[in-house]
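I have placed the structure first, in the form of structure tokens, so that the comments after it can refer back to it.
Order of the sequence lines fixes the chain letters, A, B, ..., with proteins taken first and strands second; residue numbering starts at 1 for each chain. This one's a predicted model, so the numbers in the text were calculated from it and none came from an experiment.
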Amino acid sequence: MRLSHQQGQGQSQSPLTSAHIAQTMTLLSMTTTELLQTIDLELSKNPALELINERRCPMCGRKLPPTGPCPVCSQPRTLDPEETIVFVSPRDDFYSYSGRGGFDGDNTPEDPYASINIDLPSYVMHQVAPDLEREEQKIAAMILSNLDEDGFLAIEIRDICRFHHTTSSSVERVLTKIRHCEPLGVGARSIEEALLAQVDVLAESTEVPNHIREAIAEHFDLLSKHHFGEIAKKLRVTNEEAKSLCHFISENLNPFPARSNWGNFRQPNDSSPDVFHQPDILIYYLNNNPKNPLIIEIITPSRGTLRINPLFQKALNKSADEKKEEWKKDLDKASLLIKCIQQRSNTMRQLMEKLVNIQKSFIIQGDTYLEPLTRAHIAEALDVHESTISRAVANKTVQLPNKKIIPLSTFFDRSLAVRAIMRNIIENEIHALNDTEIKNRLEKQGIKIARRTVAKYRSMEGILPAHLRRIEKFATV
DNA sequence: CTATGGCACGGATT
DNA sequence: AATCCGTGCCATAG
């Protein structure tokens, strides 16, 4: 089904050709983590494929030291800051390269498989996924990969919106569904929210006390201190009722629903949800000095070099005829995989070279400087099919010199620059501007968008509407 | 009555 | 062919 648009010539040729195309495409759209899983899977069931303890640079083919990128390819030829160095970097340690801010959960797992295990995120994902649209699933994946060890949300909703170019209300919608999963209340931002979610679910099957939502939402501090008298006063109920409220809560609700460890059992080859734990591409200045050239490192998983097992090759030549068929298949598969991985690296490198060239000022100076760009445009420049670019961009994340991790698709965002300008306008506003006024300001800068669109951008950025902003401004000053 | 958010449509993008 | 994104229209809240 995936090959549907590949008709025409070539179809009648050997099956290797179409298999090659198919596999190249699937590999291309994989994240680094998924690629590693694929390789491991193939290694485990294909005797023709072998992993030897010798690391070679995928670009120049030189032997490499046991860890780190290629010392030759990763060295700039000059120290010209105009130059950028793009190279494919085989990392056996790429899992430790998480530089994501605000996430302390799993900085450096010892076991490279740690982030592939079925853990809390996957567990919840399996529950919600069927209820969600495709786009919502991605949001859910991001939410779930940003939970702290108690299952609370360790990321701002605003950041999720910006990451996925969506509005806070749609994120909230997903969040609500997640909170109603086992463990009840996972993904809450606070204990209160977790408890409220549990009350919601409980209310569907049983009777819940009258003022319980109000008590949790507004008087949680009193509740935890067991100040029944005060609670009773605030809610205008009797002391007895207040007491029974507390009792109900301690009996039926769990303030840390997701606390405790989620076993370490492994996940075989389940179609795992997107997990944004690791960037697929790193961009940084050489030696972190902005005067040096930019380095673009395309991470590729590697604990050695993949090759065809020479023993297998020999055995094949000698073997009996019936087995030959079978073994030949494995051999073909193995060499196909190796070729396709090379091709993937190559495409990624070409893509990044072009991309960095065009979006350099965005990388260095930030959102405002993002050039409008479409995948089709890059495809034309590189003379490849646009679907190739689509797949290469899909599901990948980039770590910028400022250590922020963003999706690669941000490089093709049409509205990011406008939103950045809008943010700027709002930050510098004297009094809270309403959407129409913002629209006019933008128009003065040569940006023509509808008022409705301003509202949407605002929501994506997590900026409150004008009348609510006014209050906030005075509160902070 | 004004500002904002929801829904849905159509053109662009993938 | 499927999806995304900007926008217009309308309901609703303030």
- Item | A/Leu294 vs A/Tyr285, side chain to side chain contact (heavy atoms under 4.5 Å, CB included): CA-CA, chis, key distance, verdict | CA-CA 5 Å; A/Leu294 271 181; A/Tyr285 292 105; 3.7 Å; yes

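Contacts with DNA chain B (heavy atom under 4.0 Å) in residues 348-360 of chain A: none are found. Residues of residues 449-460 of chain A having a heavy atom closer than 4.0 Å to DNA chain C, listed by number: A/Ile449, A/Ala450, A/Arg452, A/Thr453, A/Lys456, A/Tyr457. Near DNA chain B, defined here as any heavy-atom distance below 4.0 Å, the residues from residues 372-381 of chain A are A/Thr374, A/Arg375, A/Ala376, listed numerically.
In this structure, the side chain to side chain contact (heavy atoms under 4.5 Å, CB included) partners of A/Glu172, at least two apart in sequence or on a different chain, are A/Ile157, A/Leu175, A/Arg189. Qualifying side chain to side chain donor-acceptor pair (under 3.5 Å) partners for A/Asp413, counting only residues two or more places apart in sequence or in other chains: A/His165, A/Ser415. Scanning for side chain to side chain contact (heavy atoms under 4.5 Å, CB included) contacts around A/Arg56 gives A/Glu54, A/Lys63, A/Thr305, with sequence neighbours left out.
Pairs engaging residues 343-376 of chain A under the ring-ring contact (aromatic ring centres under 6.0 Å, His included) rule: A/Phe362-A/Phe411 [sequence neighbours left out]. Under the salt bridge (Lys or Arg N to Asp or Glu O under 4.0 Å) criterion, the residue pairs touching residues 432-441 of chain A are A/Asp435-A/Arg458, with sequence neighbours excluded. The salt bridge (Lys or Arg N to Asp or Glu O under 4.0 Å) pairs that include a residue from residues 346-368 of chain A are A/Arg162-A/Asp367, A/Arg349-A/Glu353, A/Asp367-A/Arg423, where partners are two or more places apart or lie in different chains.
The rotation axes computed at either terminus of the helix from B/dC1-C/dG14 to B/dT14-C/dA1 lie 10° apart, taking five pairs at each end and rounding to 10 degrees.
Note that the first and last nucleotides of DNA chain C, 5' to 3', having any atom under 4.0 angstrom from a heavy atom of chain A are C/dC4 to C/dC9. First and last contacting nucleotides of DNA chain B toward chain A (any atom under 4.0 angstrom from a heavy atom, 5' to 3' order): B/dA3 to B/dT14.
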